[in-house]
Each structure stands twice: as structure tokens, then as C-alpha cells.
Amino acid sequence: MNNWRADVRLKLEDFVDSLVVQGAKQNEVYDAIREEIEILRAAYAKDLDPADEPGDVEEPSDDWPAA
């Protein structure tokens with residue numbers, strides 16, 4: 001059931017390695033990833049699911065031309 005965690009780790013390792021090969025320092029990459037995760041968490045906390053917000057919901061149009 002935790003196979004996805006192993007997949008995350010492998011993909012992160014590959015991602016970090018690819019940036020280090022391009023010239024980035026490993027610690028700077030880790031810091032940048034942490035910063036971006038915090039930004040994503042904050043955005044998610046603000047807007048968990050836009051569909052849950054009250055407001056007008058546009059109904060699909062029935063103005064399709066006859067075939």
C-alpha cells in the first residue's frame with residue numbers, strides 16, 4: 001500500500017539529480033522544493049475544492065444545432 005511513497009522518492013531523486021547535473025547545488029534544490037511545497041500547501045488550504053464554493057453554476061447549454 002505504500003508503493004506510491006517509494007515511487008515519490010525515486011522520482012524526487014531523479015528530479016534532484018537532473019537539476020544537479022544542470023549545475024544546481026543539491027541543498028539549494030532541496031530548499032527550493034521545500035519552498036514550493038509550502039506554496040502549494042497554502043494554495044490548497046485556501047481553496048480546497050473550487051466546486052464547494054457557493055455561487056451560480058452554469059448549466060450546460062441546450063443550444064446545439066440540429067444535425
Applying a strict under-4.5 Å side-chain criterion to I, L, V, M, F, W and Y, I'd like to know whether [X] and [Y] cluster together.
| X | Y | value |
| --- | --- | --- |
| W4 | I33 | yes |
| I37 | V8 | yes |
| V21 | L12 | no |

First locate atom CG of L19, then atom CD of E28, and finally report the distance between them rounded to the nearest 0.5 Å.
11.0 Å

V20 side chain near K25 side chain, heavy-atom distance below 4.5 Å:
no

Could you check whether R34 pairs with E38 (Lys NZ or Arg NE/NH1/NH2 to Asp/Glu carboxylate O, under 4.0 Å)?
no

